[in-house]
Amino acid sequence: MADTEVDWAVLEAAAVAAMGKAYAPYSKFPVGAAALTEDGRIVSGCNVENASYGLTLCAECALVGDLHMGGGGRLRAFYCVDAKGNVLMPCGRCRQLLYEFRAPGMQLMTTQGIKTMDQVLPDAFGPDNLEENL
Ligand code: THU
């Protein structure tokens, strides 16, 4: 991990900007997410809902798409907000999405302050588990 400090205010602003692009006509619960990559890029995403409710894409889905389309890499720090700009915890599925692309020691802003990915998704299943079975 780079040794510079994470600028959480920049991430918060990017998450709020992403939230402003949300398509959430059904839940009326817009969400924005932003993350800092190991190489210093900011990636972001918003939730995109669907008339078939179960097909809703969380903000984190768009964020990992943005990461991959922008050259890939790993996530160093993550911030997610609701419509009021309050910190939002990623849902269980999205914790798994983020885990896949975590940098070592990845941090997340949570409702309880900064936590590591391992604290937010303990005992995770991940790519290493697949390797073990080859
Ligand atoms: N949502 C996200 O975008 N990310 C999460 O981690 C939690 C939930 C969205 C999905 C849906 O559009 C709305 O919030 C209400 O569940």
Side-chain angles (χ1 to χ4, degrees):
M1 191 190 301
D3 52 11
T4 51
E5 287 292 308
V6 173
D7 190 337
W8 291 101
V10 166
L11 277 186
E12 178 183 9
V16 169
M19 182 273 295
K21 297 182 179 177
Y23 175 71
Y26 306 109
S27 71
K28 308 216 178 338
F29 192 85
V31 177
L36 174 68
T37 66
E38 269 190 319
D39 60 358
R41 289 141 53 216
I42 302 273
V43 293
S44 63
C46 62
N47 54 335
V48 180
E49 298 188 345
N50 192 281
S52 179
Y53 296 166
L55 298 182
T56 287
L57 302 175
C58 284
E60 293 88 340
C61 299
L63 182 148
V64 298
D66 189 24
L67 173 71
H68 205 65
M69 289 294 290
R74 303 215 152 255
L75 303 171
R76 184 181 164 202
F78 171 85
Y79 205 115
C80 188
V81 297
D82 65 15
K84 294 178 179 169
N86 292 326
V87 172
L88 191 67
M89 296 303 293
C91 76
R93 173 180 183 268
C94 289
R95 294 179 197 202
Q96 184 75 36
L97 289 184
L98 296 169
Y99 185 84
E100 180 79 14
F101 299 106
R102 73 202 182 286
M106 178 185 170
Q107 296 181 316
L108 298 89
M109 183 58 74
T110 79
T111 51
Q112 309 297 319
I114 296 167
K115 291 191 179 184
T116 64
M117 186 76 240
D118 291 332
Q119 287 176 303
V120 171
L121 187 65
D123 303 322
F125 171 85
D128 290 349
N129 297 109
L130 297 176
E131 302 284 326
E132 286 167 13
N133 290 307
L134 287 180

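Note that ligands are numbered from 1 as they come in the structure, with each ligand's atoms numbered from 1 the same way. No hydrogens, no waters, no symmetry mates; every other heavy atom, side chains included, goes into these values.
Considering every non-hydrogen atom in both Thr37 and Val43, the closest pair reads CG2-CG1, 4.1 Å.
For Leu57, no nitrogen or oxygen atom sits less than 3.5 Å from a nitrogen or oxygen atom of ligand 1, counting backbone and side chain alike. Geometrically, ligand 1 and Cys58 share no nitrogen or oxygen pair separated by less than 3.5 Å. Considering backbone and side-chain N/O atoms, Asn47 comes within less than 3.5 Å of an N/O atom of ligand 1.
Of all the heavy atoms of Cys91, the ones lying under 4.0 Å from any atom of ligand 1 are found in both the backbone and the side chain.
Shortest contact from atom 4 (N) of ligand 1 to any protein heavy atom: Glu60 OE1, 2.9 Å. The nearest protein atom to atom 3 (O) of ligand 1, hydrogens excluded, is given as Ala59 N, 2.8 Å; this is a heavy-atom distance.
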Applying side chain to side chain contact (heavy atoms under 4.5 Å, CB included), run through Arg95 and Glu60 and close with a yes or a no.
CA-CA 9 Å; Arg95 294 179 197 202; Glu60 293 88 340; over 6 Å; no
Given Leu75 and Leu63, is the side chain to side chain contact (heavy atoms under 4.5 Å, CB included) satisfied, shown in steps?
CA-CA 10 Å; Leu75 303 171; Leu63 182 148; 4.1 Å; yes
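Atoms of ligand 1 lying under 4.0 Å from at least one heavy atom of Thr56, given by number and element, are 10 (C), 11 (C), 12 (O). In summary, the atoms of ligand 1 found under 4.0 Å from a heavy atom of Glu49, numbered by their order in the structure, are 11 (C), 12 (O), 13 (C). Distances below 4.0 Å separate heavy atoms of Pro90 from the following atoms of ligand 1: 6 (O).
At a distance under 4.0 Å, no protein heavy atom can be found next to atom 16 (O) of ligand 1.
Using a 4.5 Å cut-off on side-chain heavy atoms (C-beta onward), Tyr99 and Met106 make no contact. Contact annotation: the side chain of Leu11 never approaches that of Met109 to less than 4.5 Å [non-hydrogen atoms, C-beta and beyond].
Residue Tyr53 places its OH atom among 12 or fewer non-hydrogen atoms of other residues, nucleotides or ligands, all under 6.0 Å distant. When the shell of 6.0 Å around CZ of Arg41 is examined, it contains more than 12 heavy atoms from other residues, nucleotides or ligands.
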